[in-house]
Amino acid sequence: MIRTEPLVFLALWLLRSASPGSCQDQPEQVHLSYLGDPTSMMVTWTTFRPAESLVAYGRDPGEAFTRVARGNATRFVDGGKLQRTMFIHRVTLRDLVPGQRYAYRCGSEQGWSRPHVFRALLSGSNWSPRFAIFGDMGLLNPQSLPRLKQETDMGLYDVVLHVGDFAYDFDTDNARVGDAFMRKIEPVAASVPYMTCPGNHEEKYNFSNYRFRFSMPGDTESLWYSWNIGPAHIISFSTEVYFYLHYGRQLVAEQFRWLEKDLQEASQPERRRERPWIITMGHRPMYCSNNDRDDCTRHESIVRCGLDPHQYGLEDLFYKYGVDLELWAHEHSYERLWPLYDYMVFNGSTEAPYTNPGAPVHIITGSAGCQERLDPFVPEPRHWSAVRIEDYGYTRMKIFNWTHLWLEQVSDDQDGKVVDGIWLIKEKHGSEVQH
Ligand SMILES: *[C@@H]1O[C@H](CO)[C@@H](O)[C@H](O)[C@H]1NC(C)=O
Ligand SMILES: *[C@@H]1O[C@H](CO)[C@@H](O)[C@H](O)[C@H]1NC(C)=O
Ligand SMILES: *[C@@H]1O[C@H](CO)[C@@H](O)[C@H](O)[C@H]1NC(C)=O
Ligand SMILES: *[C@@H]1O[C@H](CO)[C@@H](O)[C@H](O)[C@H]1NC(C)=O
């Protein structure tokens, strides 16, 4: 009897690796997204074989995993040679109590993820959401990630905004790099909503890795969306439609029309009273003072002025609707601009440039860390450039209330030191307060 034991183990092992429960069925790459309703949260994950899409969850502490929510999986075939297939599972948790902590596991009878914890966001507009913001984080050299994970665990953030460029790239090595990146970001992204926009590194196969892996509000496969949080309306869009025209020139017009409609609605007086802050996030900036040859270094950048002949430019559109703050990445550095429109600085006053400024404020924050390292600046700052920092790091933002918004830059190179900070103060919002 004793002699047969190793064989039994072997048989069990063989059975186990061939049967449900092996790692092909194991949920991985778990992340959250917020659909704009504080009583709900979207959970997204991946398996490599078909499986049910279940989330077991409950209040934490106390309830364990007493509730079960059900969803669907979408089959995603990467465009690489191996045509690797994965199943992207999406489940919406509903009837959450705003502000309540929940524990959850996702998967199916074939395998469950480890438990994760999140807090449902608060409801209404009268609270102060806190964000971590960055772009350009890769699988290799994601220098800021350990600090972001630690701070997420400490409860410093309600939401993370990733302003394009992931993994370097999602599709590399038949999308295995994308899988590895999503596993790496999981400790952050499974605990707070991870809200994204596409960058140039997501371009392959018509942005399919981006569109399938994430579940943003509205049509999950869209490259643009908007959502509300506390006193803010946040618009995420694709600057890349302007650069990869072979995927459809009509996408530029389609997105532009959508942006205009969304801004129009968000600027209706009663809506703007409720959520006065309008914030945009897009990957490639309109302005920058880096010494590369990117679009933002050109006087008439495409994002700012549009396609020849000046069609669908975003600067005029955002200015017209009184966008308060524009978040960008792409340049692997941090740059803060004075309130700016058409190369003219519209300080609130020289003493307090960000108190009632006469134009939108731009922040470029693309130095979270990737294998392409940092992007240096031209030696002389431009007259519209207020602060330039060439360190690995990320931005924190807290929207205190209807008038006060705090932004600060964290240097990971300098051990978490805050190396820049401003109050953006607006007693009035909207186009009528521009210069
Ligand atoms: C699954 O998807 C279908 C069609 O997309 C939808 O009608 C159905 O409600 C979804 N099921 C769940 C449980 O979300
Ligand atoms: C690329 O994807 C978009 C959806 O984001 C679609 O409208 C467009 O037709 C696609 N283009 C090509 C060439 O497949
Ligand atoms: C804006 O304010 C800053 C800081 O006071 C100042 O250095 C800059 O010259 C001002 N720009 C204009 C155009 O007033
Ligand atoms: C908004 O927040 C700022 C910063 O905490 C504070 O000084 C100000 O009094 C607040 N305004 C209102 C109306 O609560």
Side-chain angles (χ1 to χ4, degrees), residues 74 76-79 124-130 164 170-171 196-200 202-216 218-225 230-232 236-259 273-277 287 289 324 335-362 380-388 396-408 420-429 434-435:
T74 309
F76 169 50
V77 181
D78 171 63
S125 56
N126 195 7
W127 62 285
S128 308
R130 301 153 311 158
F170 276 144
D171 62 278
T196 60
C197 70
N200 52 300
E202 285 71 70
E203 174 270 330
K204 273 286 167 62
Y205 321 125
N206 200 2
F207 296 86
S208 62
N209 269 271
Y210 175 88
R211 286 191 275 118
F212 280 87
R213 286 174 189 273
F214 294 119
S215 315
M216 292 301 131
D219 169 4
T220 53
E221 290 186 21
S222 174
L223 298 173
W224 49 82
Y225 62 92
S236 168
F237 66 97
S238 170
T239 50
E240 302 316 303
V241 295
Y242 290 86
F243 297 92
Y244 298 103
L245 296 173
H246 57 283
Y247 289 131
R249 206 181 167 90
Q250 84 285 355
L251 294 174
V252 177
E254 212 177 289
Q255 173 175 264
F256 191 88
R257 279 196 295 273
W258 177 85
L259 282 169
R273 261 196 303 280
E274 169 84 356
R275 301 188 200 273
W277 295 99
Y287 299 92
S289 43
D324 299 288
E335 187 165 14
R336 161 162 67 79
L337 311 188
W338 300 121
L340 186 63
Y341 170 69
D342 197 17
Y343 283 94
M344 287 176 285
V345 171
F346 292 99
N347 289 336
S349 64
T350 312
E351 303 69 48
Y354 296 105
T355 300
N356 299 318
V361 173
H362 296 245
E380 282 298 307
R382 315 293 192 200
H383 73 276
W384 36 261
S385 177
V387 168
R388 313 185 306 166
R396 293 191 190 120
M397 174 170 79
K398 180 167 178 181
I399 309 176
F400 274 76
N401 53 35
W402 294 351
T403 55
H404 284 62
L405 181 153
W406 173 252
L407 277 164
E408 66 185 24
D420 186 36
I422 57 159
W423 279 110
L424 177 54
I425 301 175
K426 294 194 102 167
E427 274 136 12
K428 287 205 177 102
H429 297 256
Q434 314 259 42
H435 77 277

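Read the numbers this way: they start at 1 and go in the same order the structure lists the ligands and their atoms.
- Close approach of ligand 2 to L251 (heavy-atom distance below 4.0 Å) involves ligand atoms 7 (O).
- Note on ring orientation: taking the six-membered ring where Trp is involved, the planes of W384 and Y287 are tilted (angle from 30° to 60°).
- A side-chain donor from one of S385 and E335 sits under 3.5 Å from a side-chain acceptor of the other.
- Listed by number with element, the atoms of ligand 4 under 4.0 angstrom from any heavy atom of N401 are 1 (C), 2 (O), 3 (C), 8 (C), 10 (C), 11 (N), 12 (C), 14 (O).
- In this structure, R211 has a heavy atom closer than 4.0 Å to ligand 2.
- The atoms of ligand 4 that sit less than 4.0 Å from any heavy atom of W423 are 4 (C).
- Checked against a 3.5 angstrom limit, the closest N/O atoms of Q250 and ligand 2 fall outside it.
- Between Y225 and F237, a ring centre-to-centre spacing not shorter than 6.0 Å is recorded.
- For CD of E380, the number of neighbouring non-hydrogen atoms (other residues, nucleotides, ligands) closer than 6.0 Å is 12 at most.
- E427 pairs by the side chain to side chain contact (heavy atoms under 4.5 Å, CB included) definition with N356, not counting sequence neighbours.
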Could you list each N/O atom of ligand 3 together with any protein N/O atom closer than 3.5 Å, one pair per line with the distance?
residue	atom	partner	partner atom	Å
ligand 3	2 (O)	N347	ND2	2.3
ligand 3	5 (O)	T350	O	2.5
ligand 3	11 (N)	N347	ND2	2.9
ligand 3	14 (O)	N347	ND2	3.2

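- We find that R396 and E408 are joined by a salt bridge, their nearest charged nitrogen and carboxylate oxygen being less than 4.0 Å apart.
- For W338, the CH2 atom sits in a packed shell: over 12 heavy atoms of surrounding residues, nucleotides or ligands are nearer than 6.0 Å.
- Between the side chains of N401 and T403, at least one donor-acceptor pair of N or O atoms lies under 3.5 Å.
- Cation-pi contact between K398 and F400: present, with separation from the ring centre below 6.0 Å and deviation from the ring axis of at most 45°.
- Annotation for ligand 2: atoms under 4.0 Å from non-hydrogen atoms of N206 are 1 (C), 2 (O), 3 (C), 8 (C), 10 (C), 11 (N), 12 (C), 14 (O).
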